[in-house]
2 protein chains.
Amino acid sequence: MSKKQATIQDIARELKITASTVSRALNDHPKISKKTKDKVWKTAHELNYQPNTVASNLRKGKGNTVGMIVPRINRHFFSNVITGVESVLNPAGYNLIICQSEEKYQKEVENVETLISNRVSGILISLSIETLNTKHLQKIINSQIPLVMFDRTESKLNISQVVNDDEAGAYEMTCHLLEQGYRDIMWMGGPRTSSIYHNRYLGYKRALEEYKVPIEKMHCFEGPSTLVAALEYMRIFLKNNKLPDVVFATSDYMAMGTIQALQEAGLQVPKDVAVAGYSNEPFAALIDPKLTTIEQFSEEMGRATARLLLDQLLSETDEPVPRKIIIKPKLIIRETTRKRKKSNTFIKK
Amino acid sequence: MSKKQATIQDIARELKITASTVSRALNDHPKISKKTKDKVWKTAHELNYQPNTVASNLRKGKGNTVGMIVPRINRHFFSNVITGVESVLNPAGYNLIICQSEEKYQKEVENVETLISNRVSGILISLSIETLNTKHLQKIINSQIPLVMFDRTESKLNISQVVNDDEAGAYEMTCHLLEQGYRDIMWMGGPRTSSIYHNRYLGYKRALEEYKVPIEKMHCFEGPSTLVAALEYMRIFLKNNKLPDVVFATSDYMAMGTIQALQEAGLQVPKDVAVAGYSNEPFAALIDPKLTTIEQFSEEMGRATARLLLDQLLSETDEPVPRKIIIKPKLIIRETTRKRKKSNTFIKK
DNA sequence: GTGAAAGCGCTAACAG
DNA sequence: CTGTTAGCGCTTTCAC
């Protein structure tokens, strides 16, 4: 019963041939006769043989596993990127091992080390919000492991990356808000030490400047990009300040928290205060009123990221030219930023 | 430049000691002098040494990686389970490699084979909706790899598992609906070949029987557990049939689709037709009206699943007693099933 | 077309 | 405390 995993040797012994022949047969080597191949295949099956990838990888000095580090998988944005990545990596014969940094620098470093130790063929990473230095990325590079960054990146390192044009997205959104007649636009987002929020702030600023709206007068809130953080902040904010025309939350979760705080305070969206989000999380289209937001084409981002990695994996040159792919986001206008008119009660037909 | 990864040998050579000593030092073996340990540590650092886990695993005949197969990671239910699993596996020194079956039997089989080939220490699996036979699970067992199933399981195999009491959840929900005065309760769910939908149907049936409501008269829709499937089904249904009192969608996504179809048809929820869901996806509390649903304690399920695996991993006996853990779900009453005020709008058959 | 032999990087007896 | 030796399971020259 307690039979250990069958090895190539077991098959060889059974067939009275050598392990090398079995190995070649299993790998469909051209110089092995059809007859032996069939025999090998057959007994491999009988013995319930499963190739030992770890031995094979060790011997070959390479494997077919790619590591991917994301802050968390339970954000639709990231799970979509993952789907995109898999859709190009799997057909190319690679498996993905997914790690969550949980937005912690320390965990991210550990993930990197695990992946290097496991001698993955490549690494895809989106930086945690806490990540301010890139020693761990340098380790990856030193280890000669192909690396591609996506979404939250670090531009100082000369590494292939795929990003959204967050500056443009925020710019477009802010323009939309300005054109709707809103002037007092509150900005809200995650820490601007992270590339994405930094850029989303820049885009916001550029639009305001173009429209000659003094930016000094605007309120900004920078905090954890979560529903709860925005909710708690807004509860207090609403007690002590006059209402802005609109809150531009550069994260749908923060937009949600903002809406909840407004509603708690008996305010109507968008009649009293408008709200805009960022990311187009699935719930954005489901809530009432429906959330105006930015579509990021996350799955496409995943595909692009994976393709960049494949380029490096397949190219023979040791020093591939780092490439940067910028994905254009798209403004999705829904109900939460609808222009103020007279009545805005949402009555279904 | 093109320096390959440093090995234990490189450190040994540098220090003029043997590889075994280095190995022991690195692993903090008690019988190695503090002095050598420090030296080894130091040059390991200098040489940018990263242990080669694949070699180590091969040698030791075991590793510290656990494989987890889920239908998809972009369902909150599953990403929560994953979070729960990691919260107990990581502290115990295990890494998780996550695979998506994408609800496809074929993909699930491939995942299993990859994991076996990678000689993972254990496997956690929730069956795809397509999975009707368990040959691949048998392979895992034959390979002596500890296995725990969760959520969508197969009870014929005598394997440790963690499930929700779906029968009870559906029963409670149906009772709630009946007590609200609803009688014509339409059931909706994924294929009943899957354990969870099977049980959610049984619970529904049991409640109806207890309340002496003839089940033959009820409408049922069994289809892909997605928003779109429910939406499309309901669009047609609403044209050709009289309205049920309430739709019990045993998936929040299907509940969402149902609500959308109702609203498209100019109907109000819950005034004209009530709706109930299952799973308590985050959007359930965010939509308007808020969705009545069932909380499944997914993270707790993850923790329980991981604990069962750890038991097997740590136990010395080859044949551990399979255990089954049943998690009690909880009814969450919100707005979509609110009792009708006027009962004269009651359309009776 | 197949076999013999060596070795990927590491660990674990067994010595001393 | 440290060195010697062997080998995990597989691939890959180099022979024949």
Side-chain angles (χ1 to χ4, degrees), chain A residues 3-41 43-44 47-65 113-114 116-121 143-145, chain B residues 3-41 43-44 47-65 116-121 143-145:
Chain A
K3 56 188 168 195
K4 284 216 82 56
Q5 279 284 4
T7 74
I8 225 172
Q9 307 278 1
D10 298 327
I11 302 178
R13 202 175 312 120
E14 193 84 5
L15 260 39
K16 304 199 187 308
I17 54 179
T18 53
S20 9
T21 308
V22 176
S23 170
R24 286 188 272 245
L26 254 16
N27 292 308
D28 208 20
H29 189 100
K31 292 197 179 169
I32 297 289
S33 72
K34 182 88 174 62
K35 207 185 292 170
T36 13
K37 277 184 191 170
D38 286 342
K39 282 195 306 189
V40 169
W41 253 99
T43 56
L47 296 181
N48 221 310
Y49 173 77
Q50 288 293 141
N52 186 329
T53 315
V54 353
S56 157
N57 287 352
L58 176 60
R59 177 62 236 253
K60 289 190 298 190
K62 65 189 186 120
N64 60 330
T65 306
E113 282 171 354
T114 309
I116 296 180
S117 287
N118 278 90
R119 298 294 189 268
V120 292
S121 309
S143 305
Q144 314 268 95
I145 299 176
Chain B
K3 55 188 169 195
K4 285 219 81 60
Q5 280 283 3
T7 74
I8 224 171
Q9 307 278 0
D10 299 326
I11 302 178
R13 203 175 310 119
E14 193 84 7
L15 261 37
K16 304 197 187 310
I17 53 178
T18 53
S20 11
T21 309
V22 175
S23 170
R24 286 187 273 244
L26 255 16
N27 292 309
D28 208 22
H29 189 102
K31 293 197 179 169
I32 297 288
S33 74
K34 182 91 175 57
K35 206 184 294 172
T36 17
K37 275 183 191 169
D38 286 341
K39 283 196 306 189
V40 168
W41 251 99
T43 56
L47 296 180
N48 221 310
Y49 172 77
Q50 290 292 142
N52 187 327
T53 315
V54 351
S56 158
N57 287 351
L58 176 59
R59 177 60 237 253
K60 290 189 298 191
K62 68 193 185 115
N64 59 329
T65 307
I116 296 179
S117 287
N118 279 90
R119 299 294 190 268
V120 292
S121 310
S143 305
Q144 314 267 98
I145 299 176

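Both backbone and side-chain heavy atoms feed into the values below; hydrogens, waters and symmetry mates do not. Order of the sequence lines sets the chain letters (A, B, ...), proteins ahead of strands, with each chain counted from 1.
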What pairs of donor and acceptor atoms, side-chain ones from residues 22-32 of chain A against any protein atom, are under 3.5 angstrom apart with sequence neighbours left out?
residue	atom	partner	partner atom	Å
A:N27	ND2	A:S23	O	2.9
A:D28	OD1	A:K37	NZ	3.0

- Query: Looking at A:S33, does any N or O in its side chain come under 4.0 Å of the phosphate oxygens OP1/OP2 on C:dT2?
  - Reply: yes
- Listed by chain and number, what are the side-chain hydrogen bond (donor to acceptor under 3.5 Å, both in side chains) partners of B:Q9, not counting sequence neighbours? none
- For A:K16, what residues pass the side-chain hydrogen bond (donor to acceptor under 3.5 Å, both in side chains) criterion, not counting sequence neighbours? none
Grab the [atom1]-[atom2] distance between [X] and [N] for me, whole Å please.
X	N	atom1	atom2	result
A:N27	D:dT12	CG	P	8 Å
A:Q50	D:dG9	CD	P	15 Å
B:K16	D:dT2	NZ	P	17 Å
B:N118	D:dG9	CG	C1'	14 Å
B:D10	C:dG9	CG	P	8 Å
A:K31	D:dC14	NZ	C1'	12 Å
A:N52	D:dC8	CG	P	12 Å
A:Q9	D:dC8	CD	P	8 Å

Could you go through residues 49-56 of chain A and list every donor-acceptor pair under 3.5 Å that involves a side-chain atom there, pairing it with any protein atom two or more places apart or in another chain?
residue	atom	partner	partner atom	Å
A:N52	OD1	A:V54	N	3.0
A:N52	OD1	A:A55	N	3.1
A:T53	OG1	B:S117	O	3.0

- Message: Please give me the minimum heavy-atom distance between B:A12 and B:A19, naming the atom from each residue.
- Response: CB-N, 3.7 Å
- Message: I'd like to check the side chain to side chain contact (heavy atoms under 4.5 Å, CB included) partners of B:E14; sequence neighbours left out, ordered by chain and number.
- Response: B:T43
- Item | Interface with DNA chain C, restricted to residues 17-26 of chain B and to heavy atoms under 4.0 Å | B:S20, B:S23, B:R24
- Note on the structure: Heavy-atom nearest nucleotide on DNA chain D taken for B:H29 and for A:I8; more 5' hit belongs to B:H29
